[in-house]
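Model, not experiment: these values are computed from the prediction. Each ligand, and each atom within it, is numbered from 1 in the order the structure gives. The residues of the chain are indexed from 1 along the displayed sequence.
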Amino acid sequence: MILQDYDKLIFEISQEGHTAYDLPVSEVEEYDLSAELGEYARQEPARLPEASELQIVRHYTALSNRNFGVESGPYPLGSCTMKYNPKINEDVAAMDGFANIHPLQDPDTIQGALQLMYELQEYLKEITQFSALTLQPAAGAQGELAAILAFKAYFKSIGELEQRRVILIPDSAHGTNPATAMVAGFETLELPSTPEGIIDVEAVRAAVGPNTAGIMITNPSTAGLFEKDAKEIVDIVHEAGGLAYYDGANLNAIMGLTSPGAMGFDACHLNLHKTFTGPHGGGGPGSGPIGVVDKLAPFIPGPNVVKNGDKYELEMPEKSYGRIKGNFGNFGVNVRAYTYIRAMGPEGLRRASEDAVLNANYLRVRVNEYFDAPFPNFNKNDFVLDLSRHKKDYGVTAKDVGKRLLDFGIHAPTTYFPLHVHECLMVEPTETESKQDLDYVADILIKINQGAIENPEIVQTAPHNTPVRRLDEAGASRKPVLKYTFEKHESDSSEVE
Ligand SMILES: Cc1ncc(COP(=O)(O)O)c(C=O)c1O
């Protein structure tokens with residue numbers, strides 16, 4: 001593609017008469033539908049770009065090259081587990097019997113797909129140590145909501161919903177946890193962390209009471225720390241009559257080593273698009289199954305797959321509030337997760353968690369002489385750096401360092417999260433990065449630190465080597481411009497959504 005076309009829209013490349021298809025002349029007579037469509041009929045033909053197949057392929061290839069993905073370079077986006085998504089997942093998801101079925105198809109004609117769902121449910125039950133599980137939710141946050149609505153239905157069934165109004169949320173929780181509790185109609189009460197960054201058991205003891213509906217714990221927490229007192233905290237909540245929810249989005253640190261069930265929790269969600277190698281980013285696609293204990297099993301969404309003799313069937317749990325997604329949940333992501341689990345086996349899954357934790361600790365130790373770590377002890381799959389000193393001494397913020405990493409082909413870590421650490425960078429290298437790549441990330445971080453000391457402006461104005469320089473992020477979210485105005489012909493300027 002010629003360079004000056006690089007920034008153009010497909011509409012600007014468009015030239016009348018160019019096509020990407022060559023169809024035989026239709027043998028069917030043309031029929032004008034306008035009369036039937038009435039007011040819904042188009043008044044003029046749709047404006048579509050006209051370009052050759054090669055022009056289209058070059059255009060979208062150029063666009064994709066401007067993006068950054070896990071296949072472009074290290075992507076240590078804390079809390080998001082941007083691990084490599086093996087290609088075999090794609091081969092399996094593209095198989096005819098998986099890719100071309102309909103969620104409302106007669107179950108007799110899709111026994112293979114239902115078997116896959118059933119076996120995936122069973123594997124995930126084993127991994128989480130729960131007795132019931134649904135693949136319905138299409139994201140972690142939707143899984144949280146699905147489970148908290150099941151808590152609600154359970155409390156209603158025992159006549160305690162009016163009384164149990166409060167869900168306890170540690171200050172290190174993922175933001176979706178309090179949001180979920182509120183959306184489900186509960187109030188939230190924030191729990192402080194100890195100076196070591198974990199939940200304060202005494203604060204839990206002081207907070208519980210007859211109005212406690214439950215607690216939501218992200219473990220490992222967003223500070224990358226394992227909540228070692230989780231079991232004790234769950235017991236305290238149970239004694240007060242509440243239920244305990246485990247945010248398992250960070251299961252990548254504990255898979256095969258321990259489980260939410262073993263820690264006494266009542267429900268959890270998993271992010272299959274993170275831990276179990278579904279591709280993600282940009283808001284989707286995802287799959288956030290929830291596992292629950294026996295007493296919550298009748299209340300979870302469905303339908304879920306059951307096995308009757310040799311036959312797989314879809315069944316709605318007894319007191320379910322119904323569907324929260326189409327029949328199979330996000331089936332394509334579930335197929336990828338199933339493939340990953342089968343390819344890895346139990347040993348492989350455990351090893352993945354061990355390597356994820358090892359990689360994160362290796363990287364932290366390599367850079368900890370140069371950056372301050374608020375919780376400098378052994379961490380799990382993420383670790384947190386606090387750049388407050390860099391901001392004070394050199395005027396270089398966490399955001400600046402994140403942007404500067406892009407100049408070296410490394411995606412920015414998560415910035416300004418968790419909220420209880422100021423100038424925070426949250427780093428999660430994942431197990432799929434090699435030692436060479438971890439060393440590269442460490443070397444670049446050390447180099448950026450040196451740059452911050454010697455020439456802060458370079459860091460403050462980064463990125464310099466990316467297709468677009470620093471964007472006005474606040475402006476983009478507060479005043480989004482969703483339409484692009486272009487001039488095609490002098491007489492014909494219009495807007496494209
Ligand atoms: C700890 C934690 N909980 C919940 C979620 C929400 O998951 P999702 O983005 O799939 O809704 C995330 C997402 O990254 C997470 O990291």
Go through the structure and list residues passing side-chain hydrogen bond (donor to acceptor under 3.5 Å, both in side chains) with Glu187, not counting sequence neighbours.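 side-chain hydrogen bond (donor to acceptor under 3.5 Å, both in side chains) list for Glu187, sorted by chain: empty.
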
Say whether [X], considering both its backbone and side-chain N or O atoms, lies within less than 3.5 Å of an N or O atom on ligand 1.
X: His269; result: no
X: Ala141; result: yes
X: Gly140; result: yes
X: Asn250; result: no
X: Gln142; result: no

Options Thr218, Asn177, Leu251, ranked by nearest heavy atom to atom 1 (C) of ligand 1, top entry: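 When every heavy atom of Thr218, Asn177, Leu251 is considered, Thr218 comes closest to atom 1 (C) of ligand 1.
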
Heavy-atom nearest option to atom 4 (C) of ligand 1, drawn from Thr176, Thr222, Asn219: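 Considering heavy atoms of Thr176, Thr222, Asn219, the nearest to atom 4 (C) of ligand 1 sits in Thr176.
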
[atom] [closest protein heavy-atom partner, distance rounded to 0.1 Å]:
atom: atom 7 (O) of ligand 1; value: Asn271 ND2, 3.1 Å
atom: atom 14 (O) of ligand 1; value: Lys274 NZ, 3.1 Å
atom: atom 3 (N) of ligand 1; value: Asp247 OD2, 2.6 Å
atom: atom 16 (O) of ligand 1; value: Ser79 OG, 2.6 Å
atom: atom 5 (C) of ligand 1; value: His174 CE1, 3.4 Å

Among all residues two or more places apart in sequence or in another chain, which pass the salt bridge (charged side-chain N to carboxylate O under 4.0 Å, His left out) test with Asp266?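 Salt bridge (charged side-chain N to carboxylate O under 4.0 Å, His left out) list for Asp266, sorted by chain: empty.
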
From CE (Met216) to CG (Asn177), nearest 0.5 Å: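 It is 4.0 Å, given to the nearest 0.5 Å.
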
Proximal atoms of ligand 1 relative to Glu144 (non-hydrogen, under 4.0 Å):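 Listed by number with element: 3 (N), 4 (C).
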
Just jot down the ligand 1 atoms closer than 4.0 angstrom to any heavy atom of Ala139, in number order.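 In order of numbering, the contacting atoms are 10 (O), 11 (O).
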
Do the non-hydrogen side-chain atoms of Tyr245 and Ile217 ever get within less than 4.5 Å of each other?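 Not in contact.
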
Test item: Thr432 and Asn359 side chains (from C-beta on) under 4.5 Å apart, heavy atoms: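 They are not in side-chain contact.
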
For this output row, return yes or no: ring centroids of Phe417 and His174 closer than 6.0 angstrom.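 Aromatic pair counts; centres sit under 6.0 Å.
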
Would you confirm whether the ring centroid of Phe371 sits within less than 6.0 angstrom of the ring centroid of His390?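 Yes, the ring of His390 comes within the 6.0 Å limit of the ring of Phe371, centre to centre.
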
Between Thr128 and Phe265, is the side-chain contact (heavy atoms from CB on, under 4.5 Å) condition met? List the steps. CA-CA 10 Å; Thr128 55; Phe265 284 82; over 6 Å; no

Do Lys125's NZ or CZ and the ring of Phe130 fall within the cation-pi criteria of under 6.0 Å and 45°?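 No, a cation-pi geometry is absent between Lys125 and Phe130.
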
